[in-house]
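Just below is one structure, and these are the notes that go with it.
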Amino acid sequence: MTLEEIHGQEPVPAGHDWMQGAGKALHELLVSAQRRGCLTAGVYESAKLMNIDPDNVAFCVLATDEEDEGDIALQIHFTLIQAFCCENDIDIVRVNDVAKLAAIVGPSEESGEPRDLHCILITNPNEDGWKDPALEKLNSFCEESRNINDWVPTITLPE
């Protein structure tokens, strides 16, 4: 019995199409979560939320640009966030384009200032019946990635 048979899904496409589908699903999830008020942005804000209510976190996105790769403090934060997510069964992905994330998420609604998008958490809304197909697709993508020992897969957002 295959994983697809267990979950009743189509087999996971190989290569570029698989990644493209995950990028599109992430874009849809970010838009949907922001519209519903279920998006927390920022390393510090995310850490606070995970400390207070880890059971409410449904998904985590870590984002960097090339200039962030040398930032040791940020990499330490990422390592701690990844460990916390793995320990609490929170699916997590990386994105290598903070500018694309900023275009999707936009500035802070309160101040209109650009916000820290290095870590974004998607939380479960208080509504019991909310099921997001994009979140389910990303959860499947993460599960398949773990099956090939890619514990924190990198997703490319669509143009």
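These numbers come from the heavy atoms of this one structure, side chains and all, not from hydrogens, waters or symmetry mates.
- The closest side-chain heavy-atom distance from Val93 to Leu62 is not below 4.5 Å.
- Side-chain N or O atoms of Asp53 include none that pairs as donor or acceptor with a backbone N or O of Leu49 at under 3.5 Å.
- Counting heavy atoms of neighbouring residues, nucleotides and ligands inside a 6.0 Å radius, atom CD of Glu67 exceeds 12 of them.
- Separation of atoms OG (Ser145) and CG (Leu138) is listed at 10.0 Å; rounding is to 0.5 Å.
- Heavy-atom minimum distance, Lys100 versus Pro158: CD-O, 4.2 Å.
- The structure places CG of Asp150 at 12.0 Å from CD of Glu144, a figure rounded to the nearest 0.5 Å.
- Classification of Arg146 and Asp91 as a salt-bridged pair holds, one side-chain N sitting under 4.0 Å from a carboxylate O.
- A pairwise comparison of heavy atoms in Asp68 and Gln75 identifies O-NE2, 3.4 Å as the closest pair.
- Test His77, Glu87, Arg94 against Gln82 for side chain to side chain donor-acceptor pair (under 3.5 Å) and you get one pass: Arg94.
- Distance CE/Met50 to CG/Asp55: 13.0 Å, rounded to 0.5 Å.
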(message) Show, in sequence, the C-alpha distance, side-chain angles and deciding distance for Val43 and Ile81, and conclude whether the side-chain contact (heavy atoms from CB on, under 4.5 Å) test is met.
(response) CA-CA 9 Å; Val43 172; Ile81 290 168; 4.2 Å; yes

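- Using a 4.5 Å cut-off between side-chain heavy atoms of Ile, Leu, Val, Met, Phe, Trp and Tyr, with links allowed through other members, Leu74 and Val95 fall into different hydrophobic clusters.
- Under a hydrophobic-cluster definition in which Ile, Leu, Val, Met, Phe, Trp and Tyr are linked whenever side-chain heavy atoms come within less than 4.5 Å, directly or via other members, Ile104 and Ile122 are assigned to the same cluster.
- Atom CG in Asp65 sits 8.0 Å away from atom CG in Asn96 (nearest 0.5 Å).
- In this structure a side-chain-to-backbone donor-acceptor pair under 3.5 Å is missing from Glu28 to Ala134.
- Hydrophobic cluster membership is shared by Ile72 and Leu80, with clusters built from Ile, Leu, Val, Met, Phe, Trp and Tyr side chains linked at under 4.5 angstrom.
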(message) Using side-chain contact (heavy atoms from CB on, under 4.5 Å), reason through Arg35 and Ser32 one step at a time and then give a plain yes or no.
(response) CA-CA 5 Å; Arg35 197 174 35 238; Ser32 175; 3.9 Å; yes

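- The shortest heavy-atom contact between Ala41 and Leu117 is CB-CD2, 3.9 Å.
- Contact of the Leu26 side chain with the Phe141 side chain is not registered, since no non-hydrogen atoms from C-beta on lie closer than 4.5 Å.
- For the pair Ile92/Phe59, no side-chain contact is recorded, criterion being any heavy-atom separation below 4.5 Å from C-beta on.
- Between the side chain of Asp71 and the backbone N or O of Ala73, at least one donor-acceptor pair lies under 3.5 Å.
- When the side chains of ILVMFWY residues are joined at heavy-atom separations under 4.5 Å, either directly or via intervening members, Val152 and Val57 end up in a single hydrophobic cluster.
- Nearest heavy-atom pair, Pro54 versus Ile90, reported as atom, atom and distance to 0.1 Å: O-CD1, 4.1 Å.
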(request) Begin with the C-alpha distance, continue with both residues' side-chain angles, and end with the deciding distance and a verdict on side-chain contact (heavy atoms from CB on, under 4.5 Å) for Ser46 and His118. (result) CA-CA 10 Å; Ser46 297; His118 289 107; over 6 Å; no

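- Checked against Ile120 for a side chain to side chain contact (heavy atoms under 4.5 Å, CB included), the options Thr40, Leu30, Leu29 give a single hit: Leu30.
- Between Lys137 atom NZ and Leu135 atom CG the span is 12.5 Å, to the nearest 0.5 Å.
- Nearest heavy-atom pair, Ile155 versus Gly23, reported as atom, atom and distance to 0.1 Å: CG2-CA, 3.3 Å.
- Note that OG1 of Thr123 and CG of Leu39 are 8.0 Å apart. Values are rounded to the nearest 0.5 Å.
- The hydrophobic clustering, which links ILVMFWY residues whose side-chain heavy atoms are closer than 4.5 Å, places Val31 and Val105 together.
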